[in-house]
Amino acid sequence: MVKLASLKEQIERLLNHSYLRERVPAPAVDEDRLLLALSMFADAPAAPNESDRYIIAMMLVQIALDTHDEVTDSGDDLKTRQLIVLAGDLYSGLYYELLARSGDIALIRLFAEAIRDINEQKVRLYEKSSERIETLFAAVGTIESALLAKLADRMAVPQWGQFAYHYLLLRRLLQERESFVGTGTSVLFEQMAHIAFPRAKVLTNEQQRYLLRLCNRYIDHCKEALFTAKLLPNDVLALRVTELSGGFSAIAKKTVEEG
């Protein structure tokens, strides 16, 4: 927890820009991604001495991507939208500076591949080009975890990339389900409806329940994948997985009974 707090403070200090802070909100630092990265490095056979730099660089890329996603055609005035774009570019520049200092060209290449994959899947998501539910969920999993997966590959612990995939997909699915149940709207559920009921203009109650069952099935799949992962998460991560999963003990019990 001390290490996580220290990294978060370093990132927030890098993100602090007086002019931007007066006009656009400060970006949030995702503690879950920080925790996954720290756990990964603790398990890596040959983690670099400057592991903080790698983790901070990965977080800056993620924050830059998330910041660019906040740009919309409505709501904010033109100047605010321009500042959000510039803020995302600033965070990207900080990432390149950090990795350039490390001289790790291989990681820069891997992160570039991750950024390409994330953007390709975002296009697939927002253009509603997925034709299968499985493809849709895989696209969301890639968007959420690609950077951590590439970092895991670089550290020779690919199993942590898979763990991050299921962890972050689970978190996203829970958020999308909560949005759909609470407000009736969700980017993911709109896509699911487009695939499952392409001719429906308004979903019936039964169709909504069907989409919820599909989402719950994938939620359970992610929980089981986390439970059966061949890893030894630290106490902080294990607690967070339990909190995130909610009904984690039921899934564990079901797995034991069937196994």
Side-chain angles (χ1 to χ4, degrees), residues 7-8 10-12 14-15 17 20 24 26-38 40-41 44 48 50-72 81-130 135-158 160-169 171-172 175 187-188 191:
L7 282 172
K8 185 177 179 181
Q10 291 179 61
I11 295 168
E12 289 173 341
L14 284 169
L15 297 175
H17 189 287
L20 288 175
V24 295
V29 178
D30 190 335
E31 292 189 6
D32 279 340
R33 282 191 169 87
L34 269 179
L35 180 55
L36 287 165
L38 280 170
M40 177 194 307
F41 272 84
E50 299 179 345
S51 58
D52 287 9
R53 182 177 294 178
Y54 289 77
I55 295 173
I56 292 172
M58 183 272 297
M59 293 297 297
L60 288 173
V61 180
Q62 187 67 54
I63 291 169
L65 291 169
D66 293 344
T67 300
H68 283 148
D69 283 346
E70 294 174 10
V71 181
T72 62
R81 295 200 300 272
Q82 289 174 332
L83 285 173
I84 292 172
V85 172
L86 289 172
D89 293 343
L90 171 63
Y91 308 147
S92 293
L94 291 171
Y95 137 71
Y96 281 114
E97 180 186 10
L98 277 175
L99 283 191
R101 288 183 195 171
S102 71
D104 195 332
I105 303 303
L107 187 57
I108 294 176
R109 186 182 302 110
L110 286 172
F111 279 168
E113 292 174 0
I115 293 168
R116 179 203 61 203
D117 293 344
I118 290 169
N119 287 330
E120 285 178 353
Q121 298 308 322
K122 283 180 179 178
V123 170
R124 181 188 295 271
L125 183 63
Y126 291 105
E127 287 192 348
K128 298 182 178 179
S129 59
S130 296
T135 305
L136 172 63
F137 280 93
V140 174
T142 297
I143 291 169
E144 294 295 317
S145 66
L147 286 166
L148 274 165
K150 293 296 186 182
L151 190 58
D153 289 344
R154 184 73 182 96
M155 296 300 108
V157 282
W160 275 100
Q162 282 298 307
F163 188 90
Y165 175 94
H166 289 107
Y167 181 101
L168 294 172
L169 178 57
R171 189 181 69 168
R172 175 70 179 270
Q175 292 168 348
V187 171
L188 179 63
Q191 278 276 42

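Count residues from 1 along the sequence. Side chains are part of it too, since the values below use all heavy atoms of this structure and drop only hydrogens, waters and symmetry mates.
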Identify the heavy atoms of [X] and [Y] that sit nearest to each other, and give their distance.
X      : Y      : result
Asp30  : Met59  : O-CE, 3.4 Å
Ala114 : Leu147 : CB-CD2, 3.8 Å
Ala57  : Leu98  : N-CD1, 4.0 Å
Ala146 : Ile118 : CB-CG1, 3.6 Å
Met58  : Phe111 : CB-CZ, 3.6 Å
Val157 : Ala44  : CG1-CA, 3.8 Å

Please report the interatomic distance [atom1]([X]) to [atom2]([Y]), rounded to the nearest 0.5 Å.
X      : Y      : atom1 : atom2 : result
Tyr167 : Arg33  : OH    : CZ    : 10.5 Å
Leu168 : Phe163 : CG    : CZ    : 9.5 Å
Leu65  : Ile143 : CG    : CD1   : 10.5 Å
Ile56  : Leu34  : CD1   : CG    : 8.5 Å
Gln175 : Leu188 : CD    : CG    : 11.0 Å
Thr142 : Lys122 : OG1   : NZ    : 12.0 Å

Taking side chain as C-beta onward, heavy atoms only, is [X] less than 4.5 Å from [Y]?
X      : Y      : answer
Ile115 : Lys150 : no
Leu151 : Leu110 : no
Asp89  : Thr67  : no
Leu15  : Leu60  : yes

- Query: Donor-acceptor pair, Gln191 side chain versus Arg124 backbone, under 3.5 Å?
  - Reply: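 Side chain of Gln191 to backbone of Arg124: a pair is present.
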- Item | Any side-chain donor near an acceptor of the partner, Asp117 and Gln121, under 3.5 Å |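 No donor-acceptor contact under 3.5 Å links the two side chains.
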- Message: Taking the basic N atoms (NZ, or NE/NH1/NH2) and the acidic carboxylate oxygens, is any pair closer than 4.0 Å for Glu97 and Arg53?
- Response: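 The answer is no: the pair does not qualify as a salt bridge.
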